[in-house]
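Everything on this sheet refers to the single structure shown next.
Computed from a predicted structure; not experimentally measured.
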Amino acid sequence: MKQTTTSGFVAVRRMENPARDLEDFEQLVGRFRTRVLRFVFASVRDMNLAETLTQDCFWKAYKNRSGFRGDCSVSTWLMTIAVNLIRDHTRTRRFQFWRKAHQVHIEEIHDWPVRSTSPEERAAVNEQVRAVWEATKTLSEKQQTVFLLRFVEELDIPEIAQSTGLTENAVSVHLFRAVRSIRKRLG
Amino acid sequence: MSKHLSPDQFAKCLAGRPTAAELQHAAECAECSARLDRFTNTMSLFRNALQGRIDDRIDGRVATHTPRLHPLPTPPASERVPLWRWALVAVAAVVLVVGPFLTHKKEAQEVSEKTSLQILEAPKSSAEALMNAVNLHLSRTVPEPMERMMTVIPNDESTNEPGGSQ
């Protein structure tokens, strides 16, 4: 049995022992679930939908676990699956214009759970977070994906390129435009 | 380079593609460095706020005993569509495709039957009229064009005597 170690997580190329396979996968879910959920929620802006897509992400990862070659980190691999799921959902939603997409609007998140000492500081931080939340909504699909992967998930350019299927040059261009747009809106 | 980084130069620095000169200026200029830090700090706050929201959601689910993510994820909804729904869709598709053909065939059959009836009835009446006309013609003693002349010729003259009437 060939083993490859990436990012401290032992990714087994061919798992012959189902019990061990399950145990390892449970560890993977426990370690990366909140991270994937955070990225998906920031992308689709709907918590219920984000949980559904996160579930789908780990379902696909479980189905295709034997195909993981270890040429990227596990987190990058999961982000790739998540990015594709979000893209598929967005395209599907475009054709379902008669359905009202239940999105979490800025009005519903008027109070972000920020860790601040004083009410004034909490209000100021809340205002900043709301501004970023509003500003990212105006980005294009690719700009938003690249921006969130860079500044929320803290992936570097090569990892973002792997996750999105874009070239590093394209990632830089989208990131540049996203940052310029966000900075302009934040003032 | 001007005194401070332009908005585009800022974006390039934050996007990870600054030139050497821009990188040097960002390191040396206190104001530009502060502005870059302010942006990255704002992004950190945003990330933490998102994480806080996720944690609240997960904690809320644990508190209400909502089932957590199963280690063996269940198939997505798209893979759990009942079979009977697919059967219903297939039947509807067949009806939509075949229905118009059946309707057209029935109408064509009705039209054909109607036309056949008309064809069967029509010759009977015209055949009778034809036979009547033939009988009338055969029953004439003199040709039709001479019928008007016969009115001026007396009926008792013998046409058998040699020389005819004199």
Worksheet item: Near R185(A) CZ, under 6.0 Å, is it more than 12 heavy atoms from other residues, nucleotides or ligands?
Response: no
F176(A) and D8(B) have their tightest heavy-atom pair at CE1-O, 3.2 Å
What one should report as the nearest heavy-atom pair of A15(B) and S172(A) is CB-O, 4.3 Å
For this session: Is it possible for you to say whether V173(A) and L155(A) belong to one hydrophobic cluster, with membership spreading through side-chain heavy-atom contacts below 4.5 Å?
Result: no
Review point. Under a 4.5 Å cut-off applied to non-hydrogen side-chain atoms, are L50(B) and F39(A) in contact?
Key: no
Is there side-chain contact between F46(B) and W133(A), with heavy atoms separated by less than 4.5 Å?
yes
The interface call for L186(A) against chain B, heavy-atom contacts under 4.5 Å, is side chain
What verdict does the side chain to side chain contact (heavy atoms under 4.5 Å, CB included) test give for K12(B) and R180(A), after you've listed the backbone C-alpha separation in whole Å, the side-chain angles of each residue and the deciding distance to 0.1 Å? CA-CA 9 Å; K12(B) 281 174 68 181; R180(A) 192 175 55 180; over 6 Å; no
Should the pair R47(B)-E154(A) be classified as a salt bridge under the 4.0 Å nitrogen-to-oxygen rule? yes
Whatever's closer than 4.5 Å to a heavy atom in chain A on R38(B) counts as neither
Here the gap from T34(A) atom OG1 to I54(B) atom CD1, rounded to the nearest 0.5 Å, amounts to 8.0 Å
Determine, stepwise, if the pair I58(B) / R33(A) fulfils side chain to side chain contact (heavy atoms under 4.5 Å, CB included).
CA-CA 11 Å; I58(B) 292 174; R33(A) 191 214 171 191; 4.1 Å; yes
When the 4.5 angstrom heavy-atom criterion is applied to I157(A) and chain B, the contacting part is side chain
Q. Can you list the steps and then say if D55(B) with R38(A) is a side chain to side chain contact (heavy atoms under 4.5 Å, CB included)?
A. CA-CA 10 Å; D55(B) 292 340; R38(A) 181 178 62 199; over 6 Å; no
Specify whether F147(A) and F39(B) have parallel, tilted or perpendicular ring planes, treating 30° as the upper limit for parallel and 60° as the lower limit for perpendicular.
perpendicular
Measure the shortest side-chain to side-chain distance between F10(B) and V179(A) over non-hydrogen atoms and say whether it is less than 4.5 angstrom.
no
Within-4.5 Å side-chain heavy-atom neighbours: L14(B) and R183(A) = yes
Check: With a 4.5 Å limit on heavy-atom distance, are the side chains of Q128(A) and M43(B) in contact?
Finding: no
Here the gap from T42(B) atom OG1 to I182(A) atom CD1, rounded to the nearest 0.5 Å, amounts to 11.0 Å
Here the gap from R57(B) atom CZ to M47(A) atom CE, rounded to the nearest 0.5 Å, amounts to 6.0 Å
